Amino acid sequence: MFKVSYKSAYPVGPRSCYDESKRAGEAFVKAYELQHDIRNKIVRIFNTSGPRIRSGPEFGRVIPNFIHQALIDEDLTVFGDGSQTRSFTYVVDEIEGFLKIVHKQKALGQVINLGNDKEFTILELANIILELTNSHSKIVYKHLPIDDPVRRCPDLKKAKEILNWQPTTTLREGLKKTIAWFKNNEQ
Ligand code: UDP
């Protein structure tokens, strides 16, 4: 049996409508530019979290899942062996980046990544959340979803050069604020 490895989106995998629609959206923006002779700015965002993030099984994002599980002393469900990485942006940093893009003339016609370039494994994230919540939960390992990206880390060169922007909130600081919000709003 062949194992096909795709560096970019797998065009007919279970995530493909999500992956490809993001790219299609960018192509539509560029087509609109040409058609109407205006210039746009394209922002690529990455894993974002903070207070008021949607939680629950229908959303399934890792940070709200782990915080919810930790606060009720339920097992934290790490998918795969937890060695896959993500880089998490605190929502306030991201909004500040967006505002800079909106006001920056030099960003016209550009595609700019807004994210965080500090990478964490999902297992590291689980352990940090256990520590910050003083939880008695354990970690359990579940099947890795098909086509789950092994690594995600944005290149922030353009955001730094064009916007003079980079994220300033550490993962721990952002998680503390998110956990405090969950305690007041979910319990
Ligand atoms: N994940 C996990 N446990 C969960 C939810 C997600 O281990 O309860 C993993 C998921 O497999 C992925 C990572 O955490 O590797 C980030 O998942 P999320 O759905 O938050 O974002 P995305 O996969 O779109 O980056």
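For ligands, and for the atoms within them, numbers begin at 1 and follow the listed sequence. In what follows, every heavy atom counts, from backbone to side chain, and hydrogens, waters and symmetry copies are set aside. What you see is a predicted model; the values in this text were computed from it and never measured.
If you number the atoms of ligand 1 from 1 as listed, the ones under 4.0 Å from a heavy atom of Gly60 come out as 5 (C), 19 (O). The ligand atoms of ligand 1 that sit less than 4.0 angstrom from a heavy atom of Asn65 are 4 (C), 5 (C), 8 (O). Per-residue contacts place Asp148 under 4.0 angstrom from the following atoms of ligand 1 (heavy atoms of the residue considered): 10 (C), 11 (O), 12 (C), 15 (O). Every atom of ligand 1 with a heavy atom of Val78 under 4.0 Å away is listed here by number and element: 7 (O). The contact set between ligand 1 and Arg15, taken as ligand atoms under 4.0 Å from a residue heavy atom, comprises 23 (O), 24 (O).
Side-chain contact of Gln69 with Thr77: a donor-acceptor pair under 3.5 Å is present, judged by distance alone. Looking at Asn116 and Ser87, their side chains never bring a donor and an acceptor atom within 3.5 Å of each other. Using modelled atom types, one finds no donor on one side chain facing an acceptor on the other under 3.5 Å when comparing Asp75 with Ser137.
Across all non-hydrogen atoms, the minimal contact from Leu114 to Ala159 is CD2-CB, 4.5 Å. Of all heavy-atom pairs between Ile112 and Ala107, the closest is CD1-CB, 4.0 Å. The shortest non-hydrogen separation linking Thr178 to Gly50 is OG1-CA, 3.3 Å.
The proximity of Lys142 to ligand 1, defined as any non-hydrogen pair under 4.0 Å, does not occur for either the backbone or the side chain. At a heavy-atom distance under 4.0 Å, no atom of Pro149 approaches ligand 1. With a 4.0 Å heavy-atom cut-off, ligand 1 is reached by the backbone of Thr77 and by its side chain too. By the criterion of a heavy-atom distance under 4.0 Å, the side chain of Asn47, and not its backbone, is placed next to ligand 1. Contacts with ligand 1 closer than 4.0 Å are made by heavy atoms of both the backbone and the side chain of Arg61. Only the side chain of Ile122 comes within 4.0 Å of ligand 1, counting heavy atoms alone; its backbone N, CA, C and O stay farther away. When non-hydrogen atoms are compared, ligand 1 lies under 4.0 Å from neither the backbone nor the side chain of Arg151.
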Could you walk me through whether Lys100 and Glu96 pass salt bridge (charged side-chain N to carboxylate O under 4.0 Å, His left out), step by step? CA-CA 6 Å; Lys100 283 198 160 190; Glu96 283 170 1; over 6 Å; no

Before giving the answer on salt bridge (charged side-chain N to carboxylate O under 4.0 Å, His left out), spell out for Glu161 and Lys158 the whole-Å C-alpha distance, their side-chain angles and the decisive distance to 0.1 Å. CA-CA 5 Å; Glu161 283 178 8; Lys158 278 194 188 176; over 6 Å; no

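Ion pairing between a basic and an acidic side chain is recognised when a charged N comes within 4.0 Å of a carboxylate O; Lys138 and Glu74 show no such pairing. Looking at Glu119 and Arg151, a side-chain N of the basic residue comes within less than 4.0 Å of a carboxylate O on the acidic one, giving a salt bridge. Classification of Glu33 and Lys30 as a salt-bridged pair holds, one side-chain N sitting under 4.0 Å from a carboxylate O.
Considering only non-hydrogen protein atoms, atom 1 (N) of ligand 1 sits nearest to Phe79 CD1, 3.4 Å. If you check which protein heavy atom lies closest to atom 17 (O) of ligand 1, you get Val62 CB, 4.0 Å. Among all non-hydrogen protein atoms, the one lying nearest atom 25 (O) of ligand 1 is Arg152 NH1, 2.5 Å. Arg86 NH2, 3.3 Å is the protein heavy atom nearest to atom 23 (O) of ligand 1.
Ligand 1 lies out of reach of His68, whose nearest heavy atom is not under 4.0 Å from it. A heavy-atom separation below 4.0 Å is found between Phe66 and ligand 1.
The shortest N or O to N or O distance between Gln69 and ligand 1 is not under 3.5 Å.
Val92 and Phe98 are not part of a single hydrophobic cluster, where members link through side-chain heavy atoms under 4.5 Å apart.
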